[in-house]
Asks: 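Submitted below is the structure of interest, expressed as structure tokens.
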Amino acid sequence: MAKEPALATIAVYSLKGGVGKTTFSVNLAWASASISKRRTLLWDLDPQAASSWLLSTDLESRDAAQAIFSKDVEVRKLIQPTTVPGLDLIAADTSLRSLDHLFREMDKKKRLAKLIDSLGKDYDRIILDCPPGLTETSEQVLRAADLIVIPVIPSPLSQRAMGEVARYLVQRGGNHAPILPVYSMVDRRRSLHRKALDEQPGWGAIPMASTIEQMTVRRKPLGAFAPASPPAQAFGALWTMVERQVQQAETLPQPTAQACAGGSGNRRAASCGSIGRP
């Protein structure tokens, strides 16, 4: 009998907004459910609720997403099916705008991690769509995740933001989840983008494409309407990388995040591969 996969939590996170986190979250969740046939939950923690809008089958606004954390609502009561078979959703709403304040008041550093653990019998993969910034919510995410996927636009500001996340993890000390940086919105016609790709050929890369914009028109992941398109293929390859990293995380020694903490700008970002638990 095949062994059931252990629950793994993959956070899609960036210090900087506008780097494609929602696109990554939705397409990785689709790949988990549709390619790997994992029992998958997408948990939208961003009050902008873009992932929720793309995938939700429930058009009624509940403003209850924060209540999960204050124990006013049992977590399973807010789980809903999506338009993708095998993929469930905990939708975001505007109540999450004050989630950081709630976490500070509760002073429970692993509240999110404990909620995720309670879902371990129901799911194989949980994808977290995280709000940007270093906040109380991001602290909860960084403690709960088994892998942190960071979309990075091939530009100095976005690369610097990724390096700052790695620096923060080093300064915080203790164990942290491996970091998997991935280039996002890549336009190979631009010399800056080509230079970044040449400096870090081991990173995954998601191309800029009009097909990705069609996700918001069709309200579907790429794999559901354009599976042969270059970005859909790139996300499939990225999911293979994620699965490999998750499966190896418990058995192989990981390098430290120190390599990303030094240097600046492109040099620092280029020195970062998949950065693991120190």
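All values below were derived from every heavy atom in this structure, side-chain atoms included, with hydrogens, water molecules and symmetry-related copies excluded. What you are looking at is a predicted structure, and each value in this text was computed from that prediction instead of being measured.
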Asks: If you define the side chain from C-beta out and look only at heavy atoms, does anything of I150 sit under 4.5 Å from I179?
Replies: yes
Asks: Quick check: does any side chain N or O of Q159 sit under 3.5 Å from a backbone N or O of P154, one acting as donor and the other as acceptor?
Replies: no
Asks: Are R190 and D187 ion-paired here, with the side-chain N under 4.0 Å from a carboxylate O?
Replies: yes
Asks: If you look at every heavy atom in G17 and P132, which pair is closest and at what distance?
Replies: N-CB, 3.8 Å
Asks: Is M208 isolated, or which residues cluster with it under the ILVMFWY side-chain rule of less than 4.5 Å, directly or via members?
Replies: V19, I153, M185
Asks: Does any part of the side chain of V186, heavy atoms only, come nearer than 4.5 Å to the side chain of I206, both counted from C-beta?
Replies: no
Asks: Taking the side chain as C-beta and beyond, is there a heavy-atom pair between V242 and L147 under 4.5 Å?
Replies: yes
Asks: Look up atom OG1 in T22 and atom CG in D129, then write down how far apart they are to the nearest 0.5 Å.
Replies: 4.5 Å
Asks: Once rounded to the nearest 0.5 Å, what's the spacing between atom OG of S52 and atom CG of L55?
Replies: 8.0 Å
Asks: Keeping the roles fixed (side chain from Y123, backbone from I116), state whether a donor-acceptor pair exists under 3.5 Å.
Replies: no
Asks: Any non-hydrogen side-chain atom of F24 less than 4.5 Å from a side-chain atom of V149?
Replies: yes
Asks: Under 3.5 Å, side chain of R125 to main-chain N/O of S32, donor-acceptor pair present?
Replies: no
Asks: Tell me if a side-chain donor or acceptor on S158 pairs with a main-chain N or O of V152 at a distance below 3.5 Å.
Replies: no
Asks: Walk me through it: do V12 and C130 pass the test side chain to side chain contact (heavy atoms under 4.5 Å, CB included)?
Replies: CA-CA 6 Å; V12 180; C130 309; 5.8 Å; no
Asks: Is the shortest heavy-atom distance from the side chain of P47 to the side chain of D93 under 4.5 Å?
Replies: no
Asks: How long is the span from the CG atom in L112 to the OG atom in S138, to the nearest 0.5 Å?
Replies: 11.0 Å
Asks: Write down the atom of A33, the atom of T40, and the distance for their closest heavy-atom approach.
Replies: N-OG1, 3.5 Å
Asks: Do D146 and I10 have side chains that approach each other closer than 4.5 Å (heavy atoms only, starting at C-beta)?
Replies: no
Asks: Charged N to carboxylate O below 4.0 Å: is that the case for K77 and E74?
Replies: no
Asks: Rounded to the nearest 0.5 Å, how far apart are CG of L142 and OG1 of T137?
Replies: 10.5 Å
Asks: So, R194 side chain and R189 main chain: donor-acceptor pair closer than 3.5 Å or not?
Replies: yes
Asks: Can you check whether S34's main-chain N or O pairs, donor with acceptor, with K37's side chain at less than 3.5 Å?
Replies: yes
Asks: Under 3.5 Å, side chain of D124 to main-chain N/O of R38, donor-acceptor pair present?
Replies: no
Asks: Please tell me if the side chains of I127 and L41 come closer than 4.5 Å, counting only heavy atoms from C-beta onward.
Replies: no
Asks: Closest heavy-atom contact between P230 and P207?
Replies: C-CG, 4.2 Å
Asks: After noting the C-alpha distance and the side-chain angles of S51 and L42, does the key distance pass the side chain to side chain contact (heavy atoms under 4.5 Å, CB included) rule?
Replies: CA-CA 8 Å; S51 290; L42 175 58; 4.0 Å; yes
Asks: Could you tell me whether a side-chain N or O of D44 sits under 3.5 Å from a main-chain N or O of L89, the two making a donor and an acceptor?
Replies: no
Asks: Between F225 and W30 (judged by ring centroids, cut-off 6.0 Å), do the two rings come close enough to count as a pair?
Replies: no
Asks: With a 4.5 Å cut-off on side-chain heavy atoms, are L15 and M162 touching?
Replies: no
Asks: How about Q48: does its CD atom have over 12 heavy atoms from other parts shown lying under 6.0 Å from it?
Replies: no
Asks: To check you understand the geometry: which heavy-atom pair defines the closest contact between Q66 and S98, and what is its length?
Replies: OE1-OG, 2.8 Å
Asks: Where do P231 and L222 come nearest, in terms of heavy atoms and distance?
Replies: CB-CD1, 3.8 Å
Asks: Evaluate the side chain to side chain contact (heavy atoms under 4.5 Å, CB included) criterion for residues F69 and L45: first the C-alpha distance (whole Å), next the side-chain angles of each, then the deciding distance (0.1 Å), finally the verdict.
Replies: CA-CA 11 Å; F69 299 96; L45 294 168; 3.8 Å; yes
Asks: Working to the nearest 0.5 angstrom, can you tell me the gap between D46 CG and R97 CZ?
Replies: 12.0 Å
Asks: Do you know the tightest heavy-atom contact between S14 and K21?
Replies: N-CD, 3.6 Å
Asks: State plainly whether the residues R39 and D122 are in salt-bridge range, i.e. N to O under 4.0 Å.
Replies: no
Asks: Closer than 3.5 angstrom, by distance alone: can the side chain of S118 be matched with the main-chain N or O of L115 as a donor-acceptor pair?
Replies: yes
Asks: CG/L128 to CD/Q140 distance, rounded to the nearest 0.5 angstrom?
Replies: 11.0 Å
Asks: Does W53 offer a backbone N or O that forms a donor-acceptor pair with the side chain of S56 under 3.5 Å?
Replies: no
Asks: Yes or no on side chain to side chain contact (heavy atoms under 4.5 Å, CB included) for R219 and T83, after CA distance, side-chain angles and deciding distance?
Replies: CA-CA 9 Å; R219 294 182 70 176; T83 55; over 6 Å; no
